[in-house]
Each structure stands twice: as C-alpha cells, then as structure tokens.
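In what follows, chains carry the letters A, B, and so on, assigned in the order in which the sequence lines appear, proteins first and then strands, with residues in each chain numbered from 1.
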2 protein chains.
Amino acid sequence: MSVPLPPSRLRARKAVLPTSAVPDGTRRRILEAALQLFASRGFHGASIRDLATALELRPSALYAHFSSKEHVLAELVLMGHEAHHEGLRAALLGAGSEPIEQLRALVRAHTLLHANHPQLAVVVNEEIHSLPPELAAPALALREQSAALLHAVIERGRAQGVFSVPHAGVTAAAISTLGLRLPYWYEPTPALDVDMLADLHVELSLRMLGVQGPPAPAS
Amino acid sequence: MSVPLPPSRLRARKAVLPTSAVPDGTRRRILEAALQLFASRGFHGASIRDLATALELRPSALYAHFSSKEHVLAELVLMGHEAHHEGLRAALLGAGSEPIEQLRALVRAHTLLHANHPQLAVVVNEEIHSLPPELAAPALALREQSAALLHAVIERGRAQGVFSVPHAGVTAAAISTLGLRLPYWYEPTPALDVDMLADLHVELSLRMLGVQGPPAPAS
DNA sequence: GCTATCTGAACGAACGTTCGTTTCGCAAGG
DNA sequence: CCTTGCGAAACGAACGTTCGTTCAGATAGC
C-alpha cells in the first residue's frame, strides 16, 4: 500500500497504443500496461510481477500470451517503429512535390507522433537497447528507412536551392532530435497544444534549413 | 569468456570523469567503471557483480568506498550536473555582454561537454530517473539553474530585438536538445570534429533565434 | 470434451548487501 | 635489522530477497 514511490521517468498517463492492429483482449491489455511500466521505470526496473499486479493477474498468466518478458518489449518496440514509419510515409504521400511542403509534412507527423504517444516514444528510443540484437534488428531497419525519408527531402531541397545548410547530416539530426526529446518536457496545455507545437517545430526546422519564413509575431 | 554480447547503448569507449576533484585511487576507478557500465547497460541492467568484475575486485570490496549502488549513481549524476553547470557558467563569464556572443558561448560549451563526455551525458539524463527523489534533488536543482542561464540570454536578446522567435520556451528546449541527443549518434571524426560540431550547433541555434548568419558555404 | 485462460506452487539463478577474516604497507620500538 | 602493531583495503562465504520462468491442475465458454 504505502510503498515509497519508486522513481518515475514519465508522469503517469494512460498509455495508448497507436495501432488498432492489436485486437482488444488480454494481450492488448498486457501491451498497454507494459508500455506504461517500461516507460516509467525502464525495462530492467519493471518486473513481470509488477506487470502482473498492474493487470490484476498472476505472473504465470502472462506466459499464455508472450513467450518472455523480452518479447513483450520487442513487440512494443517494433510496433512503435512501424507506427512511426507509417506515419511519416503517409505524411509524405499527402504532401506535394515541393521540398518545403514535404519537410513540413514530415516534421508535423514526427512531432505529433512523439507528442501523442510519449510513452511509446520513450520505450522505442531508450529501451530498445535492452533487446538482444536479433529482436532489435527489425526495428532498427525501419528506423533507417525513416531517417532516409528525411535525408532525401533535405537533399532534394538542397539540390533545388530552396534549402541552404552548412551540414546536411547535423541538420537532419537536429530536426529528428526535436521530436525525440519531447516526452521529457512537453505536456499538452491549452496554451500550447500539440498542433501549435508541431507548427513551431516546422518553423524551427525551416529556419535551420535556411528558409526565410514569415516574420515572427511580436509576442 | 564467450558470453553472448549483452545489448549496449553506447559504443565502448573509455569513460573519463570531467573533474579532477576525485583523487586517483580505487574510488575513482569505481566511478569510471560504473560510468562506463551504467551508460552502456543502464543502472538496473548493470549489477554490482558486473562492476566488481570490470574492476577485478570482489563485490564486497566496493562497499568500503560506497555505501550502496545507488550512491555510486548519485555521485556520478551530481558530478555530471556540476561539471555541466560550471562549464556553462564559465563560458558565459568569458563572453561579452552581447546576447549573440553569450548564446554562442553557451551553445559551444553545451555541445563540447556532451560530445567529450558522452557516457556521463547519458547517465545524467537517463539514469537519474533510477534515483530516489532525495538523491536526485541536488542534481535537479543544478539543472534548473543551467536552464535558467539559457532562458535569460534568450530573453535579453529578444528584449533587445536581436533575437526573434515564435516561442521562447520551445526554442530554448530545441537548443538544449541539440546537445542532449549527441551521445546517441555522434562520434568524433577528422571530417567532423567536436569543434566543427560546436560551430554547427551555434549556427543552427542562431538560425532558430532568427539571427541572420553568413550564407552557408556551397558544399 | 476440447480449447483458451488463469492459478498456485515451485524452480534455479541472480540480485544487493553484510560480516568475519586475511592481506599488506608502513611507522614505531627494541 | 628485525619485530610488532595498526589501519585500510580486499577477500570469501553467506544472508535474505527478488528475478524470469515452468508446469500440473482448476475453471469456463463453445
């Protein structure tokens, strides 16, 4: 009951899976509870018994749905990368052929995904290192593909002369990073909702790429 | 011997403490080995026995120097925050009174610290969440002071009209983030050494702040 | 009566930590 | 020069607990 609060990385918020590919049922409940726990205490800091307690189950019951604790993490990590990659791909498809529009779409999607699914963003980016290489590999492959999307847009924009950057790789890293650290400080408020945040990240990204935007409001 | 390689977050590089405040000896060796281990496997993923093995000691020997595993981490986390804060403070003192120069100094120092001490950066930013609140508190206080330094410079620049940002808080977060994610992708090479990287981060930061820099080289 | 799900008990291993003993460098005393 | 005593450091063995996981059996829905 009155156990001293364990340290927590993310304010407790209900974890929501970004996909409907996992049908309702115990398996989905396990994934959502594990997402919450792994995000707040880390993979090694959250035990199977913690997970079972959160689900009001006995530890052994989990093994009817997953073959090991690592496989639960692996599924979360893969799912997160899939949602991310699919989000970027869809955004790019919906944008026109102009690099500026494409970049706007990518940064918006990247920011919205990280802001709307902070726990998954944390687990995907931190706890993937707790997976053995063979379980992490599929996710890492997806990650490379996602990075390639951004690089391609930046390179095209540079070739067309609409982007002007001192160093494409460092700039791409900077833009990706905007989203990656979000879960650690951002929380939606009426004064700064996810949509405004995405617009701000687009603006910052374009500035880094040397695109002259509209003058900033006086505020 | 041929144990299957455990997953690792950071390429193995010798961990160097950024301070000479810790005298040579076993205590310092423990801190450096723990830094290496905690950075690569995480606090919960690295055991006292792992640490002892790396030091060619028996687990019990460590307790002559630290009262618990948590206290080893706490010392690393505090030391990292102190080095960071002191680095920023010194950089700011060495800069003039112009916001642009002050920002350049802060971003340079921030980037150099993270690039030169990647393990410490990772431990400080990720593993601090494994500490009980009372051990994390001193470091968190320092962190707030460091953030305040950046905020103050941005606010002064904005008041003087040399910076023009759509949202000061989000821009400050973006600039901090540039350094925080460095350990995960950057490694010094002749083609991109730490000094060039710091310059690039300064340039990106000034662009985000709406400062017109020199035109980017054609490369 | 088959299948899917969960329980209860238990397994061996690994965990952080404690404690009595041993080792060793070194200064003091004869 | 040898002995003695001392404090710091490391050892070796063990502690109680928690870890991930297994498995035979109970339960429930089709």
Side-chain angles (χ1 to χ4, degrees), chain A residues 1 3-7 22-38 40-77 123 127 129-132 134-136, chain B residues 1-7 22-35 37-38 40-77 123 127 129-132 134-136:
Chain A
M1 279 299 158
V3 174
L5 283 207
V22 180
D24 283 353
T26 305
R27 189 182 164 85
R28 187 183 183 107
R29 285 184 61 229
I30 293 176
L31 286 172
E32 291 182 337
L35 177 53
Q36 171 101 260
L37 274 175
F38 292 166
S40 76
R41 301 189 216 167
F43 178 70
H44 289 300
S47 73
I48 286 284
R49 283 169 177 83
D50 294 335
L51 183 52
T53 300
L55 290 160
E56 298 189 277
L57 287 177
R58 258 32 69 190
S60 52
L62 306 180
Y63 288 84
H65 304 273
F66 292 90
S67 60
S68 79
K69 186 189 175 193
E70 275 181 350
H71 281 83
V72 178
L73 175 59
E75 180 142 343
L76 286 173
V77 165
V123 167
E127 305 306 328
H129 303 111
S130 298
L131 285 176
E134 66 272 18
L135 285 181
Chain B
M1 278 300 158
S2 78
V3 173
L5 284 207
V22 181
D24 283 350
T26 305
R27 189 182 165 85
R28 187 183 184 108
R29 286 183 60 230
I30 293 176
L31 286 172
E32 289 181 338
L35 177 53
L37 275 175
F38 292 167
S40 76
R41 301 189 215 167
F43 177 70
H44 289 300
S47 72
I48 285 284
R49 284 170 176 83
D50 294 334
L51 183 53
T53 300
L55 289 161
E56 298 189 279
L57 286 177
R58 259 29 72 188
S60 52
L62 305 181
Y63 289 84
H65 304 273
F66 293 90
S67 59
S68 79
K69 187 189 175 194
E70 275 181 349
H71 281 83
V72 178
L73 175 59
E75 180 141 342
L76 286 173
V77 165
V123 168
E127 305 305 328
H129 303 110
S130 297
L131 286 177
E134 65 273 18
L135 285 181

Kindly give the atom pairs (protein nitrogen or oxygen, nucleotide nitrogen or oxygen) under 3.5 Å for nucleotides 20-22 of chain D.
from: dG20(D); atom 1: OP1; to: Lys69(A); atom 2: NZ; distance (Å): 2.7
from: dG20(D); atom 1: OP2; to: Ile48(A); atom 2: N; distance (Å): 2.9
from: dG20(D); atom 1: N7; to: Arg49(A); atom 2: NH1; distance (Å): 2.8
from: dG20(D); atom 1: O6; to: Arg49(A); atom 2: NH2; distance (Å): 2.9
from: dT21(D); atom 1: OP2; to: Tyr63(A); atom 2: OH; distance (Å): 2.6
from: dT21(D); atom 1: OP2; to: Lys69(A); atom 2: N; distance (Å): 2.9
from: dT21(D); atom 1: O5'; to: Tyr63(A); atom 2: OH; distance (Å): 3.3

**Asked** Do Asp50(B) and Ser47(B) have side-chain N/O donor and acceptor atoms under 3.5 Å apart?
**Response** yes
**Distance, rounded to the nearest Å, where Leu51(B) contributes CG and dT17(C) contributes P** = 12 Å
**Asked** Looking at Leu73(A) and Ser130(A), what are the two nearest heavy atoms and their distance?
**Response** CD2-CB, 4.2 Å
**Message:** Give me the atom names and distance for the closest heavy-atom approach of Leu51(B) to Ile30(B).
**Reply:** CD1-O, 4.1 Å
**Message:** Both Ala61(B) and Ala61(A) contact DNA chain D. Which one's nearest nucleotide lies toward the 5' end?
**Reply:** Ala61(B)
**Prompt:** How close or far is atom C1' of dT5(C) from atom CD1 of Ile30(A), stated in whole angstroms?
**Reply:** 11 Å
**Request:** To the nearest Å, give me how far apart NE2 (His65(B)) and C1' (dA9(D)) are.
**Result:** 6 Å
**Asked** Between Arg27(A) (side chain) and Val22(A) (backbone), is there a donor-acceptor pair under 3.5 Å?
**Response** no
**Between dG16(C) (C1') and His71(B) (NE2): distance, integer Å** = 14 Å
**Asked** Taking atom P of dT17(D) as reference, at what distance in whole Å does atom CG of Asp50(A) sit?
**Response** 17 Å
**Request:** Give the minimum heavy-atom separation between His44(A) and Gly45(B), together with the two atoms involved.
**Result:** CD2-CA, 3.7 Å
**Fill in**
To the nearest angstrom, the CG-P distance between Leu62(B) and dC19(C) comes to 17 Å
**Item:** Atom-to-atom span, CZ of Arg58(A) to C1' of dG25(D) - whole angstrom
**Value:** 16 Å
**Asked** Does CD in Glu56(A) sit with more than 12 non-hydrogen atoms of other residues, nucleotides or ligands closer than 6.0 Å?
**Response** no
